[in-house]
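The structure appears right after this line, and notes come after that.
For the numbers below, each heavy atom of this structure counts, side chains included, while hydrogens, waters and symmetry mates do not.
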Amino acid sequence: MINKWSENGIAGVVAVSTNLKSSYDILKLKQEYPNFIRAAIGHHPEEPPPNTRDLYELIDLVHQERKQLAGIGEIGLPTYKKEELYTKYSEEQFIDVLETFLRLAKKENLPVSLHAVHEEAKKALISLKKLKVELAHFHWLKASASTVNEIVSSGYFVSVTPEVCYRERDQLLVKQIPLEQLLIETDGPWQHGGPFSERQTTPLLLKEITTCLANILHIRYNELLEIICHNTKQLW
């Protein structure tokens, strides 16, 4: 679908990984579409922690493919499968994996895409600040107002999804984010609800997110689009 997206004004996508195999798949896509794909590799926290061999291979892959990478991700702490995962693994194991990737990102001067929502957002923030990581993106953030304030005061980026068009929670969240730290995303292929319930999630929805945000924030569409594009290029 990349050609269709390009024809409709999408200049590129940040493509994140979920595990070791996915990381290789993303790098292959990057080779095929070098100007369109911004590749990020990592291990998603809603999966069991990687075994030692896979973790070391992922670390080596980042070092070897550094020039092909735009970031590390998706990494973070589990929320939706936390109850299930914590019957087999400890929270400390997940924090250790997260901090391993954070150190790696800092060493390679790469941003991180974080899956850290609700109470896990605060825990991830503690790790970021402890390790003095400067380049971070809290994707699809859901957190208390105080945690959101701490995230943005630390200079980190926050993105909203199509849910901002139909969920009050996200509409309130976006008003807490300084414009210079605001990003948008679709989290495709995740299926969204509301006006998007019958539509496939693709980067084409970014235009509608921007329209909704322009109305919420009382700012002209083109001005907002310019700011978001600048933020995206600055981080990714």
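Within the structure, ring-ring contact (aromatic ring centres under 6.0 Å, His included) pairs that include any residue of residues 36-62 comprise His44-His115 (at least two apart or interchain).
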Output a table of donor-acceptor pairs, distance under 3.5 Å, between side-chain atoms of residues 91-108 and any protein atom two or more places apart or on a different chain; print 'none' if there are none.
{"from": "Glu91", "atom 1": "OE2", "to": "Lys123", "atom 2": "NZ", "distance (Å)": "2.6"}
{"from": "Gln93", "atom 1": "OE1", "to": "Ser90", "atom 2": "N", "distance (Å)": "2.9"}
{"from": "Glu99", "atom 1": "OE1", "to": "Lys130", "atom 2": "NZ", "distance (Å)": "2.9"}
{"from": "Glu99", "atom 1": "OE2", "to": "Ser127", "atom 2": "OG", "distance (Å)": "2.8"}
{"from": "Glu99", "atom 1": "OE2", "to": "Lys130", "atom 2": "NZ", "distance (Å)": "3.0"}
{"from": "Thr100", "atom 1": "OG1", "to": "Asp96", "atom 2": "O", "distance (Å)": "2.8"}
{"from": "Arg103", "atom 1": "NH1", "to": "Glu99", "atom 2": "O", "distance (Å)": "3.4"}
{"from": "Lys106", "atom 1": "NZ", "to": "Leu131", "atom 2": "O", "distance (Å)": "3.0"}
{"from": "Glu108", "atom 1": "OE2", "to": "His63", "atom 2": "ND1", "distance (Å)": "2.6"}

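Going from atom CG of Leu114 over to atom CZ of Phe157 covers 13.0 Å, rounded to the nearest 0.5 Å.
Of the options His137, Gln181, His139, a side-chain hydrogen bond (donor to acceptor under 3.5 Å, both in side chains) to Ser159 is made by His137 and by none of the others. Screening Val148, Leu173, Val117 for a side chain to side chain contact (heavy atoms under 4.5 Å, CB included) involving Lys142 leaves a single residue, Val117.
Between the Asn231 side chain and the Leu179 main chain, a donor and an acceptor come within less than 3.5 Å of each other. Formation of a donor-acceptor pair under 3.5 Å by the Glu120 side chain with backbone atoms of Leu77 is not found in this model. Between the Asn51 side chain and the Asp54 main chain, a donor and an acceptor come within less than 3.5 Å of each other. A donor-acceptor pair is defined here as one N or O able to donate and one able to accept, closer than 3.5 Å; such a pair exists between the side chain of Gln191 and the backbone of Phe196. Counting only distance, with no hydrogens or angles, the side chain of Tyr166 and the backbone of Gly193 share a donor-acceptor pair below 3.5 Å. A side-chain donor-acceptor contact under 3.5 Å links Lys30 to the backbone of Pro34. The backbone N or O of Asn19 lies less than 3.5 Å from no partner atom in the side chain of Ser17, so there is not a single donor-acceptor pair.
The two residues Leu182 and Ile228 make their nearest non-hydrogen contact at O-CG1, 4.2 Å. A pairwise comparison of heavy atoms in Gly42 and Ile75 identifies CA-CG2, 4.3 Å as the closest pair. Scanning both residues, Gln171 and Val174, for their nearest heavy atoms gives O-CG1, 3.3 Å. The two residues Ile37 and Ala15 make their nearest non-hydrogen contact at CG2-CB, 4.1 Å. Nearest heavy atoms, Leu205 versus Thr201: CD1-CA, 4.0 Å. Nearest heavy-atom pair, Phe138 versus Ala124, reported as atom, atom and distance to 0.1 Å: CE2-CB, 4.4 Å.
The number of heavy-atom neighbours closer than 6.0 Å to CZ of Arg53, taken from other residues, nucleotides and ligands shown, is 12 or below. Within 6.0 Å of atom CD in Glu32, more than 12 heavy atoms from other residues, nucleotides or ligands are found, so the atom counts as buried in its surroundings. Crowding of Glu134 atom CD: a count of heavy atoms from other residues, nucleotides or ligands under 6.0 Å not exceeding 12.
Between Tyr24 and Leu61, some side-chain heavy-atom pair lies under the 4.5 Å cut-off. Counting heavy atoms from C-beta on, the side chains of Ser154 and Lys129 come closer than 4.5 Å. The side-chain heavy atoms of Met1 and Gln200, taken from C-beta on, include a pair separated by under 4.5 Å. Side-chain contact between Leu85 and Pro48: present, with at least one pair of heavy atoms (C-beta onward) separated by less than 4.5 Å. Val62 is listed as a side-chain neighbour of Leu110, based on a closest heavy-atom distance under 4.5 Å. Leu125 places a side-chain heavy atom less than 4.5 Å from the side chain of Tyr156. Contact of the Thr210 side chain with the Ile184 side chain is registered, since non-hydrogen atoms from C-beta on lie closer than 4.5 Å. At a threshold of 4.5 Å between non-hydrogen side-chain atoms, the residues Asp170 and Trp140 count as touching.
With salt bridges taken as basic N to acidic carboxylate O contacts below 4.0 Å, one links Lys122 and Glu150. A salt bridge does not link Glu226 with Arg220: every distance from a Lys NZ or Arg NE/NH1/NH2 to an Asp or Glu carboxylate oxygen is 4.0 Å or more.
In the hydrophobic clustering of ILVMFWY residues, with side-chain heavy atoms under 4.5 Å counting as a link, Leu141 and Leu217 come out together.
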